[in-house]
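Per chain, numbering begins at 1; letters A, B, ... match sequence-line order.
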Amino acid sequence: MDTGKLTTGRKILWAVVSVLVAVYALFPVVWIISLSLKSPSDVGNQQFWPTAVSWENYELIFTGQASELFVPALINSIGICLIATAIAVVLATLTAYAVSRLDFPGKKFILTMALGVSIFPVISIVTPLFNLWSRIGLYDTWLGLIIPYLSLTLPISIWTLAAFFRQIPWELEQAAQVDGATSWQAFRKVIVPLASPGVFTTAIIAFFIAWNDFLYGISLTSTSAARPVPAALSFFTGASQFEEPAGAIAAAAIVVTIPVVVLVLLFQRQIVAGLTSGAVKG
Amino acid sequence: MSTTTKPAPGARTSDRARDETRMGWLLSGPAVLVLLAVTAYPILQAFYQSLFNYRLTDPDARYFNWGYNYVVVLGDPQWWQTLGFTLLVTVFTVAIELVLGFALALVMLNAVRTVRPWLRTVILIPYGIITVVSAFSWKYAFDLGTGFVGAWTGNPGFDWFGDFWTAFLVISAAEIWKTTPFISLLLLAGLAQIPGDMLEAAKVDGATWWQRMTKVILPNMTASIMVALLFRTLDAFRIFDSVFVMTSGAQGTATVSFLAYAQTISQLQVGLGSAVSVLLFACVALICFIFIKLFRVDLSRARGE
C-alpha cells in the first residue's frame with residue numbers, strides 16, 4: 001500500500017501482525033498434529049506437546065484395530081465425493097454456459113434457485129430422505145449419499161462457473177472461425193483452454209464442500225459400506241473401552257486434512273477468485 | 001452480463017430468441033431437475049410426514065393428526081430453548097466473525113508486498129479444515145482428559161463442557177476460527193473495489209483514519225458486507241457439527257438442527273422430527289426474507305452479476 005520505504009518500526013509492526021495471524025490460523029492445526037503424535041499413555045498428559053513422538057495412532061488407523069473403521073471410510077469418502085463432484089461439475093458446466101452465454105427467460109430464476117438450494121438446511125433434507133432411503137434400499141449405499149451430496153455441490157458449482165464463464169471473451173470463438181477454424185476447432189482450441197481453469201477451480205471447491213459433510217454422512221449410513229470419514233470419526237473407540245480414542249481420531253483427522261490443505265495451498269489464487277467472484281458459501 | 005449475445009434486429013429475432021430459449025433450457029434442464037429433486041421434493045415430503053403421528057419403530061400406528069406435531073413442538077419449552085440457543089450462537093459468532101474478518105481483510109489489504117501472499121496462504125488453512133476436525137481439535141484442547149487449556153489457565157480440574165456458558169464459548173470459538181477466513185476474503189474483495197483515488201482524495205482533504213473508515217470505506221462496501229452477513233447468518237443458524245462433536249446438546253447447547261436430528265435419527269420420531277425440520281426451514285426462509293426486504297440485500301450481487 002504505502003510506497004515509501006519501510007521504517008524499522010513498520011517492519012516490526014508487520015512482523016508482529018503476521019505472527020499473530022499465523023498463530024491464529026495454525027494453532028488448532030498444530031495442536032491436533034501434536035495430539036496425533038502422542039502415544040496412548042501420553043494423550044492424557046494435559047500438555048500441548050507429546051513427551052515423545054509416537055506413530056502408534058497412525059498404525060492404529062491404517063493397520064491396527066481402528067483400520068476396519070477408517071480405511072473403508074476413507075475409500076467411501078474419496079469415491080463418493082469424487083462422483084458427486086464430477087456429476088455436479090458436468091451439469092453445472094452446461095447450465096453455466098447457458099446462463100452466461102444465452103439470453104433466455106428463466107435464467108435469473110435458475111441462478112436464484114441455485115442460491116436458494118445452497119442455503120437450504122441439510123437436516124430438512126435428511127429427515128425425509130432417511131425414511132425414503134430405508135424404504136427403497138438406498139440407505140447406507142454410495143448412491144444414497146451421492147444424490148443428496150448434489151444438493152451441496154451443484155448450486156456452488158453453478159454459481160462459481162457462471163461467474164467464471166462471464167469473464168470469458170466469447171468473441172474469440174467467432175474470431176477463430178472467421179480466421180478459418182471449424183466450429184469444433186474454435187471450441188477445442190479457444191474456448192476449452194479459457195474455460196478449463198474455471199471448471200477445475202469449481203471442482204476443487206465443490207469437492208471441499210462434499211468432503212466437509214457430516215450430517216448426511218451420519219444420518220444416511222449405518223455401516224462401513226458407505227460411511228464417510230467425518231462421520232466415522234465419531235464412531236472411533238479407544239484401545240479399550242475406557243481409553244480415549246482421541247489419539248486415533250486426531251491421526252485420522254490429519255490424514256483427511258492433509259490432501260485438502262495441500263490442494264488449498266497449491267491452488268489458493270484460483271480458489272480465492274472462485275470463492276469471492278461467484279460463491280458466497282463456506 | 002456484457003458478453004450475452006444480443007438478438008439481431010429484424011424478422012428473424014423471434015426465431016433466434018426461441019432457439020436460444022430452447023437451447024438454454026435444454027442445457028440447464030438437467031441441473032434444474034436435480035436441484036428440484038434434492039430439495040423441493042424432500043421439503044414437501046418432510047411437510048407431509050410432519051402431519052402424521054409416525055414413529056419408525058411402530059409404522060402400523062401411523063395416523064394423520066392434523067398438525068398436532070406442531071402444537072407439540074411449539075408448546076414444548078425445549079423447542080424455544082433450542083431456538084434461543086441457536087439464535088444466540090448465530091448472533092454472537094457472526095458479529096465477532098464480521099469484526100475479526102474485517103480486521104483480517106484490512107491487514108491483508110495493507111500488508112507490505114513481502115508478507116501479503118504469505119498471509120493469504122495462512123488465512124486459507126482454517127477454510128480447508130473439515131468442520132468436524134476443527135470441532136475435535138477444539139474439543140480435545142479443552143477436554144478434561146486430553147486438554148492443555150486447563151493446565152495453561154491454572155485450572156486443570158475445570159470442566160469447560162460442564163457448564164452452559166463455557167460450553168457456548170468453546171463451540172463459538174471453534175465456529176469463529178473456522179469461518180472468519182472466509183468472511184475476510186469476501187470483505188477483502190469488497191475492499192479492493194473501493195477506488196484508490198477516492199481514499200487518496202479523503203486523505204488529501206485531511207480526513208483522519210477513523211473518518212476515512214466510516215465516511216468512505218464502510219458506506220462503499222455495505223453491499224458486500226450485507227451479502228457476507230446474510231450467508232454467514234444462514235450458515236451459522238444451521239450449526240450442527242460442532243455441537244454434535246463437543247457436547248451432543250448437553251448443558252442446553254442443542255441447536256435446532258441438532259434437535260431435528262435427535263428426534264428423527266436417534267429417536268425415530270419421524271413425524272415430530274419432520275415438524276422440527278419444517279420449522280427450521282421456515283426460520284431460514286424468514287431470515288432470508290428479512291435480509292432481502294428489510295436490509296435490501298441485492299441478491300444479484302451474490303450471483304456475481
At a 4.5 Å cut-off on heavy atoms, which part of [X] comes close to chain A: side chain, backbone, both, or neither?
| X | result |
| --- | --- |
| B:Arg120 | both |
| B:Phe258 | neither |
| B:Leu234 | side chain |
| B:Ile239 | neither |
| B:Leu268 | side chain |
| B:Ala189 | side chain |
| B:Val284 | side chain |
| B:Phe240 | side chain |
| B:Phe244 | side chain |
| B:Val270 | side chain |
| B:Phe47 | neither |

Heavy atoms only, distances under 4.5 angstrom: which of [options] has the most pairs with chain B? Name it, please.
| options | result |
| --- | --- |
| A:Leu215, A:Leu265, A:Asn45 | A:Leu215 |
| A:Ala98, A:Pro121, A:Ala96 | A:Pro121 |
| A:Ala92, A:Ser219, A:Pro128, A:Ala114 | A:Pro128 |
| A:Ile271, A:Val264, A:Val21, A:Asn131 | A:Asn131 |
| A:Val90, A:Leu154, A:Val261 | A:Leu154 |

Looking at [X] and [Y], would you say the former's side chain and the latter's main chain have a donor-acceptor pair under 3.5 Å?
| X | Y | value |
| --- | --- | --- |
| B:Gln45 | A:Ile125 | no |
| A:Ser124 | B:Ser277 | yes |
| A:Asp103 | B:Ala17 | no |
| B:Glu20 | A:Leu102 | no |
| A:Thr95 | B:Ala31 | no |

According to the ring pair (Phe, Tyr, Trp, His ring centres under 6.0 Å) rule, which pairs have a member within residues 112-131 of chain A, sequence neighbours left out?
A:Phe120-B:Phe281, A:Phe130-A:Tyr139
Please state whether the rings of A:Phe104 and B:Trp25 are parallel, tilted or perpendicular, taking 30° and 60° as the class boundaries.
perpendicular
Rounded to the nearest 0.5 angstrom, the CG-CG distance for A:Asp213 and B:Asp241 is 7.5 Å
Does any backbone or side-chain atom of [X] lie under 4.5 Å from a heavy atom of chain B? Answer side chain, backbone, both or neither.
| X | answer |
| --- | --- |
| A:Ile87 | neither |
| A:Ala22 | both |
| A:Trp31 | side chain |
| A:Val126 | side chain |
| A:Ile147 | both |
| A:Tyr97 | side chain |
| A:Ile254 | neither |
| A:Thr257 | side chain |

Contact leader toward chain A among [options], where contacts are heavy-atom pairs under 4.5 Å:
| options | value |
| --- | --- |
| B:Ile123, B:Leu35, B:Val34, B:Asp19 | B:Leu35 |
| B:Ala285, B:Ala40, B:Ala37, B:Pro42 | B:Pro42 |
| B:Ile125, B:Leu124, B:Ile287, B:Val278 | B:Leu124 |
| B:Val132, B:Val122, B:Val133, B:Thr39 | B:Thr39 |
| B:Val256, B:Leu279, B:Thr121 | B:Thr121 |

Do [X] and [Y] come close enough that some side-chain heavy atom pair is under 4.5 Å?
| X | Y | value |
| --- | --- | --- |
| B:Phe136 | A:Leu233 | yes |
| A:Met113 | B:Leu36 | yes |
| A:Val29 | B:Ser137 | no |
| B:Val245 | A:Ser234 | no |
| B:Ile130 | A:Val260 | no |

So which heavy atom on [X] is nearest to which on [Y], and how close?
| X | Y | value |
| --- | --- | --- |
| A:Ser18 | B:Leu119 | CA-CD2, 4.0 Å |
| B:Thr131 | A:Asn212 | N-OD1, 2.7 Å |
| A:Ala25 | B:Trp177 | O-CZ2, 3.2 Å |

Sole candidate of A:Leu91, A:Ile110, A:Leu94 that passes side chain to side chain contact (heavy atoms under 4.5 Å, CB included) when paired with B:Ser28:
A:Ile110
Tell me, please, which residues at least two apart from B:Trp152 pass ring pair (Phe, Tyr, Trp, His ring centres under 6.0 Å).
A:Phe48, B:Phe148
